[in-house]
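First comes the structure, then the notes that go with it.
Note that ligands are numbered from 1 as they come in the structure, with each ligand's atoms numbered from 1 the same way.
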Amino acid sequence: MAQDKILVIGSSGQIGTELVQSLRTVYGADNVIASDIKPTDQAKEGPFEVLDVMNAHQLGEVVTRHNVNQVYLLAALLSATAEKTPKLGWELNMQGLFNVLNLAKEKIIDRVYWPSSIAVFGPNTPRENTPQFTIMEPSTVYGISKQAGERWCEYYHKKYNVDVRSLRYPGLIGWQSAPGGGTTDYAVHIFHEAIKAGKYECFLSENTTLPMMYMPDAIKATIGIMQADADKVKIRSSYNLAGFSFSPKDIAEEIKKHIPSFTISYNPDSRQQIADSWPQSINASEASKDWGWKPDYDLKRMTDDMFKNLKKD
Ligand code: AKB
């Protein structure tokens, strides 16, 4: 079998930073091309391209030159940022996807990964243990773009036999990189502020429970679904994915076990409304049944690991 050549687009973001490292470990550094709109340090460890995913010609040129057969498309505007620049949010999130899906339609690449989000759900969705198939009436630009993207992924799969795979990420928490403009970002900032200042002012209210996941689980799921046999990936829109759920108050309690003097205050802003429209917990049984999804981390294990790594710096 030919060696896979992988292109990661949006490689310096929160997911890309860790995904590129893992993919380079699994596939070999030379076989994973990192790419972003600006140069990054990832060029030191393997191939890197400055790439604007909106530019279909440039994308096609990079893919052909490196003989890429798999693309992970991570470039996107997240929920809070897309509310500020709706047109850009819609254009980047949709045009980037079309440019990549069209390469697969033309059989220039043979597999695509594209992330969806819990933002596809909306205020009329059942909020507890949200099922895979349910009411989806997203009320944010980001959520609308993710829901439309899911429909397009399924369409390209059914109509053009495109092998596209996708996960609905919950809020992601990692120590290696900062999140960029999401509603769940507080769950990363809180650790940095706890260590730096011993206190944190949260932009969500204390009992706002949201589905979350520790980054090693998100990377495991992402590579897992991409490596699964094609016939096991039965859902070609996007799979529900679950780690664990917590509120700002819950995570503050867990942080206090490491920093007893830590204090949290609450000053909800416009992101509260977004959070209130999202599920509190997710049912990921389809992902477990179809390709064996199982998370390794819960709130305690994640918090211990975050402190272990952040305190090393
Ligand atoms: C966001 O908060 O926008 C993202 C997401 C849940 O997709 N982290």
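Counting the atoms of ligand 1 from 1 in the order shown, those under 4.0 Å from a heavy atom of W278 are 1 (C), 2 (O), 3 (O), 6 (C). Set against the non-hydrogen atoms of S117, the atoms of ligand 1 under 4.0 Å away are 5 (C), 6 (C), 7 (O). Applying the 4.0 Å criterion to heavy atoms of L78 picks out, from ligand 1, the atoms 3 (O).
Using a 4.5 Å cut-off on side-chain heavy atoms (C-beta onward), F244 and M213 make no contact. For the pair F203/P268, no side-chain contact is recorded, criterion being any heavy-atom separation below 4.5 Å from C-beta on.
Distances from atom 2 (O) of ligand 1 to the heavy atoms of L210, I118, T183, D185 show the closest one on T183.
Summary of contacts: the protein heavy atom closest to atom 8 (N) of ligand 1 is T184 OG1, 2.9 Å. Given atom 3 (O) of ligand 1, the protein heavy atom at minimum distance is S79 OG, 2.5 Å.
More than 12 heavy atoms of other residues, nucleotides or ligands lie within 6.0 Å of NZ in K107, so this atom counts as buried by the packing criterion.
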Using the ring-ring contact (aromatic ring centres under 6.0 Å, His included) rule, take F98 and W152 through it: C-alpha gap first, then chi angles, then the decisive distance, then the call.
CA-CA 8 Å; F98 280 124; W152 281 111; 4.9 Å; yes
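Residues F307 and F191 bring their aromatic ring centres within 6.0 Å.
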